[in-house]
Amino acid sequence: MPYALIDRLRQANPVVLTVANSVTIDKVADGLSAIGASPIMSKEPAEAAAMVQLANAITINLGTITEAQLKQIRAVLDANANRLPVVLDPVAVGSVPYRLKIAHQLLADYHFTVIRGNAGEIAALTGAKWQAHGIDAGQGSMDLATIAQQCAHQYHSLVALSGPTDFVTDGQDVFTNPLGDQYLALNVGSGDMLSSTLAAYLALGEAPLPTCSLACQTFAFAGVQAARDVRGLGQWQSRFFDELCQLTSTSVQEGVVERMNKNND
């Protein structure tokens with residue numbers, strides 16, 4: 001695991017352009033800032049080329065998709081021309097046919113470095129049988145690692161399937177991250193924040209699979225740390241941002257080892 005990237009990210013301060021979900025835009029911006037990245041959001045197609053020019057990575061979020069935002073997304077992706085890493089977050093495509101249609105169109109027209117979604121979203125993209133539940137993962141009987149691998153093969157992208165256990169795969173190798181926490185699932189916007197976190201780490205230019213595996217592990221570790229002795233979601237949210245601010249290569253590496261040993265015991 002390339003833990004040194006955690007400190008490198010703070011030093012590099014990459015600009016992450018996010019075509020955002022309007023419900024979670026503040027959380028995403030604050031989350032990026034907390035890990036050492038520089039967030040920038042945009043709604044205007046006319047500034048797409050300028051935005052892409054100053055960015056180091058891009059996140060496309062379909063959480064509150066409109067025709068106007070779709071025009072913006074296409075303008076950004078056309079201006080990028082596969083130059084920068086791009087993360088697609090197909091929010092609720094397992095529940096809303098229109099969103100699934102949009103996601104399929106974008107995946108047919110553009111290449112995405114990473115597709116990040118929960119089980120219901122990734123299953124929907126592959127056509128697998130799964131019962132999605134709004135923006136939540138829902139339920140199904142298929143093996144999640146297999147679903148993630150199928151999606152990676154189908155779209156020739158890295159896939160990060162997030163949940164109580166994260167699965168990150170290039171279609172062949174699979175990284176499994178068991179560091180989940182109930183508040184990460186309960187907090188609206190955790191997935192959106194993770195997608196932009198993946199983009200921030202990809203901006204460093206290292207191999208995508210270990211980079212995204214580290215990003216998932218680091219994000220989940222902050223969530224687990226924040227959950228210690230909290231009374232509820234509000235307190236956890238505050239502590240979560242605090243934990244993101246305090247992440248270092250050494251603290252995460254040592255903390256993950258300690259947490260894994262406890263889980264094995």
Side-chain angles (χ1 to χ4, degrees), residues 19 21 57-65 69-70 73-74 77 82 85-178 180 184-185 188-199 201-202 207-213 215-217 219-220:
V19 181
N21 178 344
I58 300 168
T59 309
I60 303 296
N61 188 299
L62 304 184
T64 48
I65 190 70
Q69 191 182 56
L70 181 58
I73 289 170
R74 288 190 173 276
L77 295 175
N82 293 327
V86 184
V87 177
L88 175 67
D89 190 330
V91 180
V93 294
S95 300
V96 185
Y98 173 74
R99 294 190 187 191
L100 182 60
K101 177 183 176 182
I102 294 300
H104 279 151
Q105 289 175 346
L106 291 173
L107 286 162
D109 294 342
Y110 304 98
H111 176 260
F112 293 87
T113 314
V114 180
I115 303 168
R116 200 292 314 163
N118 62 33
E121 293 158 353
I122 299 301
L125 292 178
T126 66
K129 291 184 179 180
W130 198 271
Q131 187 62 46
H133 183 70
I135 64 171
D136 299 324
Q139 298 179 343
S141 58
M142 288 188 65
D143 178 70
L144 294 181
T146 300
I147 291 176
Q149 287 177 300
Q150 289 177 350
C151 188
H153 278 298
Q154 186 169 340
Y155 298 107
H156 307 288
S157 297
L158 197 75
V159 169
L161 190 161
S162 59
T165 297
D166 299 326
F167 299 92
V168 184
T169 180
D170 56 6
Q172 181 175 350
D173 296 323
V174 180
F175 166 80
T176 303
N177 170 46
L184 281 169
V188 175
S190 291
D192 297 351
M193 293 171 66
L194 176 57
S195 293
S196 287
T197 296
L198 292 172
Y201 276 91
L202 287 168
L209 182 58
T211 297
C212 289
S213 300
C216 286
Q217 187 182 82
F219 190 84

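These numbers were taken from a predicted model, which means no experiment stands behind them.
With Arg116 contributing its side chain and Gly191 its backbone, the two residues share a donor-acceptor pair below 3.5 Å. Remark: the backbone N or O of His111 is not paired with any side-chain donor or acceptor of His156 at under 3.5 angstrom. Under the 3.5 Å distance criterion, the side-chain polar atoms of Arg74 are left unmatched by any main-chain donor or acceptor of Leu106. In this structure, Tyr155 contributes its side chain and Leu125 its backbone to a donor-acceptor pair below 3.5 Å.
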Worked check of side chain to side chain contact (heavy atoms under 4.5 Å, CB included) between Asp166 and Phe175 | CA-CA 8 Å; Asp166 299 326; Phe175 166 80; 5.8 Å; no
Take Leu194 and Asp89, measure what side chain to side chain contact (heavy atoms under 4.5 Å, CB included) needs, and give me the verdict at the end.
-> CA-CA 9 Å; Leu194 176 57; Asp89 190 330; over 6 Å; no
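How far CG of Asp170 is from CG of Leu158: 6.5 Å, rounded to the nearest 0.5 Å. For the atom pair CD1 (Ile122) and SG (Cys151), the distance works out to 4.5 Å, reported to the nearest 0.5 Å. Rounding to the nearest 0.5 Å places CG of Leu198 at 12.0 Å from CG of Leu88. The OG atom of Ser195 lies 10.0 Å from the CG atom of Leu62; values are rounded to the nearest 0.5 Å. How far CD1 of Ile147 is from OG1 of Thr169: 12.5 Å, rounded to the nearest 0.5 Å. Taking CD1 of Ile60 as the reference point, atom CD of Gln69 lies at 8.0 Å (rounded to 0.5 Å).
Checked options Thr211, Val159, Thr176, Leu209; the residue passing with Val168 is Leu209 (criterion: side chain to side chain contact (heavy atoms under 4.5 Å, CB included)).
Counting heavy atoms from C-beta outward, Pro90 and Ile115 have side chains that approach closer than 4.5 Å. Under the 4.5 Å side-chain criterion, counting only non-hydrogen atoms from C-beta, Gln149 is not in contact with Phe167. Using a 4.5 Å cut-off on side-chain heavy atoms (C-beta onward), Leu144 and Thr165 make no contact. Counting heavy atoms from C-beta on, the side chains of Leu161 and Glu121 never come closer than 4.5 Å. Side-chain contact check for Leu184 versus Phe219: some heavy-atom pair is nearer than 4.5 Å. Inter-residue side-chain proximity for Tyr110 and Val86 is flagged as unmet; no heavy-atom pair is nearer than 4.5 Å. Within the 4.5 Å cutoff, no side-chain heavy atoms of Ser196 are placed close to those of Val87.
The two residues Leu70 and Ile65 come nearest to each other via the heavy atoms N-CD1, 4.0 Å. Contact between Cys212 and Val114 at its shortest, heavy atoms only, is SG-CG2, 3.7 Å. Of all heavy-atom pairs between Ala145 and Val174, the closest is CB-CG1, 4.3 Å. Residue Gly171 comes nearest to Ala152 through the heavy atom pair N-CB, 3.5 Å, listed as atom of the first residue, atom of the second, then distance. Listed here is the closest heavy atom pair of Gly94 and Ala124: CA-CB, 3.5 Å. Taking every heavy atom of both residues into account, Thr59 and Ala199 meet most closely at OG1-CB, 3.4 Å.
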